[in-house]
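Note that this is a predicted model, so its numbers are computed, not measured. Just so it is clear: chains get the letters A, B, ... in the order the sequence lines come, proteins before strands, and each one is counted from 1. The basis for the numbers below is simple: all heavy atoms, side chains too, and nothing from hydrogens, waters or symmetry mates.
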Amino acid sequence: MTRIAIVDDSVTARLFIRRCLEIIGFSEAAFIEAENGKDALTKIRDEHLDLLITDLNMPLMDGETLLKWLKTSPRYCEIPVLVITSTHNAAKEEELLHIGALAVLAKPISPATLLPILQPLIEKQETDHERVEH
Amino acid sequence: MNESNTDRQKEMFSAVSTTIENLTFKEVLPASATHPSLSRSYADLLSASQLVIEPIQGEFNLTMSRNLLTQLVISVYGPLLAVPASDENLHDLLAELLNTIAGRFLSKILPQEKGFRLDIPQSSEEVSFTSAGPQMVVWQYSIDDEVFSISAAGAGLLRLCRS
């Protein structure tokens with residue numbers, strides 16, 4: 001089962017992101033939701049994750065700190081991290097990609113903007129599903 | 001001059017309409033400054049404010065009636081919403097709308113070579129719509145003929161909005 005963490009201090013934003021993910025092919029995924037970076041690190045401990053999606057501007061631990069923490073952790077550095085933020089511009093995107101983000105998207109996202117970025121994960125999910133069936 | 005220039009008006013309308021239409025599937029239209037509902041003193045307006053921290057200082061404020069926000073929450077949550085919509089739902093949606101609108105607007109009017117930072121939105125209760133003046137630029141829009149407003153204040157932000 002595909003496991004995806006969604007990290008945003010807004011309930012609305014988390015709901016919307018999850019809905020977009022379900023539309024593009026992750027309706028059977030297991031979702032872990034967190035309100036900030038610190039909450040996310042607690043909830044993903046000992047969990048296998050296929051993807052982590054994070055906002056930047058959050059209380060307690062922001063998304064950039066979370067990204068840096070994950071990318072320098074031997075246990076979590078392989079997790080793809082997608083940043084979805086209201087403070088998106090070319091400079092910020094370059095900075096976050098340099099830290100190790102998979103991609104950086106501006107809010108509000110849509111299924112159409114998510115799909116090309118997550119297509120490899122959708123295909124992996126389908127391959128894993130076929131392998132289990134056989 | 002109290003008004004933002006034409007380009008800024010277009011950029012703000014683009015930020016507002018893209019945000020609200022994507023999130024709530026409701027159509028946004030510009031509202032006249034003389035729209036009748038703006039002169040009424042709403043007993044039940046909600047407001048969110050958000051500071052711009054870098055590279056300029058300023059503040060955005062988004063004000064909507066409780067009735068309009070409730071309709072938008074219903075659009076966003078659909079069958080997942082516990083009836084009636086809670087204050088927490090309303091404030092959360094208002095904050096997220098403001099956060100997204102402010103970010104989209106600033107990404108258009110600020111240079112792309114440097115990042116910008118916003119504070120976390122704060123909620124408040126408001127009793128009337130703010131009027132434009134020397135210290136504030138106000139944009140008004142409507143959804144289903146119900147008006148809401150977004151304003152900008154602070155010297156640095158106002159300079160950008162009027163340039």
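In this structure, no portion of A/L56 lies under 4.5 Å from any heavy atom of chain B. Heavy-atom distances place the backbone of B/P111, and not its side chain, under 4.5 Å from chain A. If you measure heavy-atom distances from B/E54 to chain A, you find no contacts under 4.5 Å at all. Looking at B/L106, neither its backbone nor its side chain comes within 4.5 Å of chain A, counting heavy atoms on both sides.
Looking at B/E96, its side chain never comes within 3.5 Å of a backbone N or O of A/A13 through a donor-acceptor pair. For A/N89 (side chain) and B/E113 (main-chain N/O), no donor-acceptor pair under 3.5 Å exists by modelled atom type. Listed for the A/R19 side chain is a donor-acceptor partner under 3.5 Å among the backbone atoms of B/V76. Using a distance-only test at 3.5 Å, with no hydrogens or angles considered, no donor-acceptor pair links the side chain of B/R104 to the main chain of A/S86.
In this structure, A/T12 and B/Y77 approach most closely via the heavy-atom pair OG1-OH, 3.7 Å.
No more than 12 heavy atoms of other residues, nucleotides or ligands shown are found within 6.0 angstrom of NZ on B/K108.
When B/Q112, B/E88, B/K114 are compared by the number of non-hydrogen pairs under 4.5 Å with chain A, B/Q112 comes out ahead. The candidate with the highest count of non-hydrogen atom pairs below 4.5 Å against chain A, out of B/L23, B/N22, B/D92, is B/D92. With chain A as the partner, the residue from B/I101, B/L93, B/N99, B/V73 showing the most heavy-atom pairs under 4.5 Å is B/N99. Heavy-atom pairs under 4.5 Å with chain B were tallied for A/A90, A/A91, A/P108; the largest tally goes to A/P108.
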